Structures are given as structure tokens and as C-alpha cells.
Amino acid sequence: MKKHVENTPLLYIVQPNLGPKTCYMQQTFRTKKEKPSYPPPSFANFRDMDTIERIEFLATLPNELRPVTCELKTKNKTYEGVIQTCDKKKVVFTLSEEEKTITIPLEHIVSVSLIGKS
């Protein structure tokens, strides 16, 4: 059975006549291969480094990485914290317990080892 409509529709939606769309897409591109400005952390290689190389490595880690807690042994005392900066004569070290920054002469440092903390 056909349904008979007595009234015609009250609202007509008129669609405009649009031409085909033109897309301007990128045709070519170039890429540059950039090497990272820091060495990637490799703990197998860290074990092979001497004390001065370890200190320089930990001091030059990028800010994007989480600070690495380490144990720094001197002739008299053992410290636990994060190495902030180093130069040829001294190391700036932040203690993890006291949040205090100390400066340690480089010739007093005996060893550096990593501490795994969460």
C-alpha cells in the first residue's frame, strides 16, 4: 500500500552547486638526521668508566631525564644525592636527605656508584 501525503513538506533545504575541491598538498620534503647532543645512558659502559668520566657523564645528563641518584665516596665520608655540575677542580652535589648543596674538590673523590631509587 502506498502512503498518501496530504500536505507537501513545509521546509525545503537548498544545496548550493559547488565545484570540485582543489587540495594543495605538500609534494616534497627533506629531513635532517640530528645526533643527540648527549650520550645515551648506558649502564654497561658506565661500569667501564673511571671516576672522573662517571662524574662528567652524570653532570651532563639532559634535563629531560630524571636526576640520577648516586653514591659519592670521598677519603673521609660517603654522600648520597645528585651531581649538579662539575668542572676541572670541584663537583657541586645535592644531598638527597637534607636537600642541601655542597661543593666537593675533585681530588677528594674516591668512587662514584649509581643507586637505584624509585
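Just so it is clear, the model here is predicted, and its values are computed rather than measured. Heads up: numbering here begins at 1 and tracks the sequence.
Under the 3.5 Å distance criterion, the side-chain polar atoms of Glu53 are matched with a main-chain donor or acceptor of Asp50.
Shown here are the side-chain contact (heavy atoms from CB on, under 4.5 Å) partners of Ser111, two or more places apart in sequence or in another chain: Lys73. Contacts of Glu98 classified as side-chain contact (heavy atoms from CB on, under 4.5 Å), with partners at least two apart in sequence or in another chain: Leu95, Lys100. Residues that satisfy the side-chain contact (heavy atoms from CB on, under 4.5 Å) test with Lys88, not counting sequence neighbours, are absent from this structure. The side-chain contact (heavy atoms from CB on, under 4.5 Å) test applied to Thr101 returns Val92, Thr94, not counting sequence neighbours.
Atoms CD1 and NZ, on Ile102 and Lys90 in that order, are 13.5 Å from each other to the nearest 0.5 Å. Residue Gln84 holds its CD atom at 11.0 Å from OG1 of Thr103, rounded to the nearest 0.5 Å. The CD1 atom of Ile104 sits 8.5 Å away from the CD1 atom of Ile55 when rounded to the nearest 0.5 Å. Distance check, rounded to the nearest 0.5 Å: CZ of Arg54 to SG of Cys86 gives 14.5 Å. The distance from the OG1 atom of Thr74 to the CD1 atom of Ile109 is 8.0 Å, given to the nearest 0.5 Å. Note that CG of Leu114 and CD of Glu71 are 10.5 Å apart. Values are rounded to the nearest 0.5 Å.
Lys75 and Val110 get closest at one heavy-atom pair: N-CG2, 3.8 Å. Between Lys89 and Glu107, the shortest heavy-atom contact is O-OE1, 4.3 Å. Nearest heavy-atom pair across Gly81 and Phe93 is N-CZ, 3.3 Å.
No chain of hydrophobic side-chain contacts below 4.5 Å, direct or via other Ile, Leu, Val, Met, Phe, Trp or Tyr residues, connects Tyr79 to Val82. In the hydrophobic cluster analysis, where Ile, Leu, Val, Met, Phe, Trp and Tyr join through side-chain heavy atoms closer than 4.5 angstrom, Ile83 is grouped together with Leu106.
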